[in-house]
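Just so you know, these numbers use all the heavy atoms, side chains as well, and skip hydrogens, waters and symmetry mates. Remember, it's a predicted structure, so these values are computed and weren't measured experimentally.
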Amino acid sequence: MAIDYRITARELVRELGGDSNITNVAHCATRLRFILKDASVVDSAKVAKIPGVITTVQAGGQYQVVIGNHVKDAFGFVMELVTVDEDAAGTSKNKVGILNRIVDIISSIFAPFLYTLAACGILQGILGIFVALNAIDTSGGTYQILNFISWTAFTFLPVLISITAAKKFGVNTYAAVVIACALVCPDYINMVNTGADVYFLGMKVQLLSYTSSVIPIILSIWVASYVQKFFDKYLPIVVRNLFSPMFTIAIMVPLTLLAFGPIGNAVGGAIGGVYNSLYGLSPIAAGIIVGGLWEVLVIFGVHWGITPVTVGNYASLGYDTFTGMQASAVFSQAGASLGVFLETKDKDMKGVSASAAVTGLFGITEPAIYGVNLRLKKPMICGCIAGAVGGGIAGAFHAVSWGYNMPGIATIPAYFKAGYGSEFIGFLISIVVSFVLGVVLAYIAGFEENVVEAQEAIPETAEKAAGSVSSKNGVVLDIASPAKGLVVPIEEVRDEVFASKGMGDGIGIVAEEGKVHAPFDASVEALFPTGHAIGLSANGVELLVHIGINTVELDGRGFQAHVAQGDTVRRGDLLVTFDKEMIEKEGYDTTVICVVTEMGDGAQLDVRSGCKVNMLETVMSVR
């Protein structure tokens, strides 16, 4: 059953301290990024249990909630529940270092339009393939129009940045856009191209091109936030709306041309120069480092720090080497997840790892990292090793990306350009090696299966219960409700594994009291030490009765078993009692889940749900 992200959003807002504790919300490709006034009030363990949440990360001054591909849906629902208070951003009780602050700024500014940049990069790659195949006339209007479309987002990158930077720094959005447009205005570009000296109030303007630039506009909008606040504070309200943006624009455009533009260009050039110099020393070593460690940066959410470097490379060089090596890290983690799929015997883990591998191939690696590889530890290490090998190969071939993209199968065209066939072939070799090596290493290294909630395998039946049920009217076994309460479809149970029927079909019972009784004459095939789950068997049918969601974490507190493994029980015998009130007070859902894990080939399960039942009323039948 698909997750209802409206419910995810509602529970997230509640667990994060409510609207009053949420200062700001943004999202990137896979994460909701919250800025909280006080992060100490949040219980991350409870947040991670919310349906739809993969995991949580605290980094860059943000409380990051990893959602995956549906992050945009969750973001929309969260924004319906919160009122973003931009002015309160500085009142957070969380101590944030300068590095974390920078990462927060970069991620907040670039995340909203990265897919747009990537789309333009892919278009550039596709055009390059058509040119190489002589499938398009480069002098014709079709090519020329598509070509300038593919470069538009990069040409006017300062304008895109100004919009998100205005939101981040609390500047009037339209004033910020005008400041950015002035930097790429045709009249200013003509001044740059002409080369004649230009003075402003007697001060010489350093005529530089700001198309595709990054840091100058960020500095400009940051300073503009203080200029605007000054005029908002001191101008009379009757003229404030008119004169505050006027003064902000009139002051900031010349200041940017005179100071912040040249400073920003110098800083950006220096940062890019440091990386490119290191790459020049040894592309292979650079590839090993990037391919091996990139996903580690993703884990901590600080990978945004490299974005200005890669974007700056496209602007200054026309290509980027970092992305050419970064792709190996992405494909290697997808491969490691596939290796887990091939090795694991657990049905649920097979489903999770297969899905994560496919998603990883398309550039979204968080499900593979958090849901599979990091969780099992060894596959994560195998993925990093495979990524390092692939990155080294990419560096050896000088693989590059010719347009901004997020590495994955769909963006491969962005790595191709006519006349650079060996670099592209090297890139393809690097990602194939990374992926295959990730699969092989994870499969060979193996891992210790995490025996956790909803993944506990019921042992094979050694013997069947005495007093088996007769097969009347084709019924192999009638299964009664083990408790009194409301019966809900298994799809509505708040656990994705059960709801997806990964362990089998069944029902959930919102029990009215803390007692679970035998639903049929059976043998007790499994009784977990914590008392929260019991496996029953009769007539070739195996049933898992699972009390609550994530209740294994209570380590047996609140549960008392009244039978032992190997016992034979009669319909109605008391199996387990549980302290419903205490467990719910601890924050756990106490739904009693009944799942038929085995019923033989060709058997059919009839399910009754959506109604209240008394204990021992028939709710399922195996035919």
Side-chain angles (χ1 to χ4, degrees), residues 1 454 456 458 461 464-465 467-528 531-549 551 559 561-563 568-578 580 583 589-600 602-623:
M1 184 188 75
E456 296 151 329
I458 303 299
T461 304
K464 303 303 176 186
S468 61
V469 180
S470 62
S471 180
K472 249 187 212 183
N473 298 323
V475 176
V476 175
L477 183 65
D478 280 325
I479 302 172
S481 175
K484 179 182 179 181
L486 175 65
V487 181
V488 297
I490 193 67
E491 294 90 347
E492 294 181 10
V493 170
R494 293 171 55 191
D495 183 288
E496 189 172 353
V497 176
F498 285 123
S500 67
K501 300 184 181 181
M503 296 191 68
D505 202 354
I507 57 170
I509 304 164
V510 183
E512 295 182 2
E513 59 180 2
K515 294 180 180 179
V516 172
H517 298 261
F520 49 81
D521 295 351
S523 64
V524 179
E525 296 296 330
L527 176 63
F528 295 96
H532 77 290
I534 186 169
L536 304 174
S537 175
N539 284 18
V541 177
E542 295 181 10
L543 179 77
L544 171 65
V545 180
H546 195 287
I547 305 168
I549 297 172
T551 47
F559 293 92
H562 297 274
V563 294
T568 298
V569 295
R570 305 290 294 178
R571 184 174 182 268
D573 286 351
L574 183 62
L575 301 178
V576 179
T577 54
F578 60 98
K580 187 171 183 291
I583 295 171
D589 187 323
T590 55
T591 300
V592 178
I593 303 165
C594 299
V595 176
V596 177
T597 58
E598 180 61 53
M599 57 182 179
Q604 176 182 325
L605 183 68
D606 296 332
V607 176
R608 176 187 177 195
S609 63
C611 58
K612 272 195 170 185
V613 297
N614 291 315
M615 184 187 68
L616 301 184
E617 279 190 50
T618 299
V619 287
M620 293 187 286
S621 296
V622 179
R623 299 178 181 276

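- Between Val563 and Asp573, every side-chain heavy-atom pair lies at or beyond the 4.5 Å cut-off.
- Side-chain contact between Ile507 and Val607: present, with at least one pair of heavy atoms (C-beta onward) separated by less than 4.5 Å.
- Using a 4.5 Å heavy-atom cutoff, the side chains of Val595 and His546 are not in contact.
- You'll find the side chain of Arg494 stays beyond 4.5 Å of the side chain of Thr591, heavy atoms only.
- At a threshold of 4.5 Å between non-hydrogen side-chain atoms, the residues Thr551 and Phe559 count as touching.
- Glu617 places a side-chain N or O within donor-acceptor distance of the main-chain N or O of Asn614, the cut-off being under 3.5 Å.
- Lys515 has its side chain within reach of Leu574: a pair of non-hydrogen atoms, C-beta onward, lies under 4.5 Å apart.
- Within the 3.5 Å criterion, the main-chain N or O of Ile549 finds no donor-acceptor partner in the side chain of Asp589.
- Distance alone, capped at 3.5 Å, places no donor-acceptor pair between the His517 side chain and the Pro519 backbone.
- Within the 4.5 Å cutoff, the side chain of Arg608 has no heavy atoms near those of the Thr618 side chain.
- The side-chain heavy atoms of Leu616 and Phe520, taken from C-beta on, include no pair separated by under 4.5 Å.
- To the nearest 0.5 angstrom, Cys594 atom SG is 8.5 Å from Leu544 atom CG.
- In this structure, CD on Glu525 lies 10.0 Å from OG1 on Thr597, to the nearest 0.5 angstrom.
- When all heavy atoms of Ser481 and Ile509 are compared, the pair lying nearest together is OG-CD1, 3.4 Å.
- Centroid-to-centroid, the aromatic rings of His532 and Phe578 stay 6.0 Å apart or farther.
- Residue-environment remark: NZ (Lys580) exceeds the threshold of 12 foreign heavy atoms within 6.0 Å.
- Taken to the nearest 0.5 Å, the CG atom of Leu605 stands 6.0 Å off from the CD1 atom of Ile479.
- In the model, Ser621 has a side-chain atom that pairs as donor or acceptor with a side-chain atom of Asp478 under 3.5 Å.
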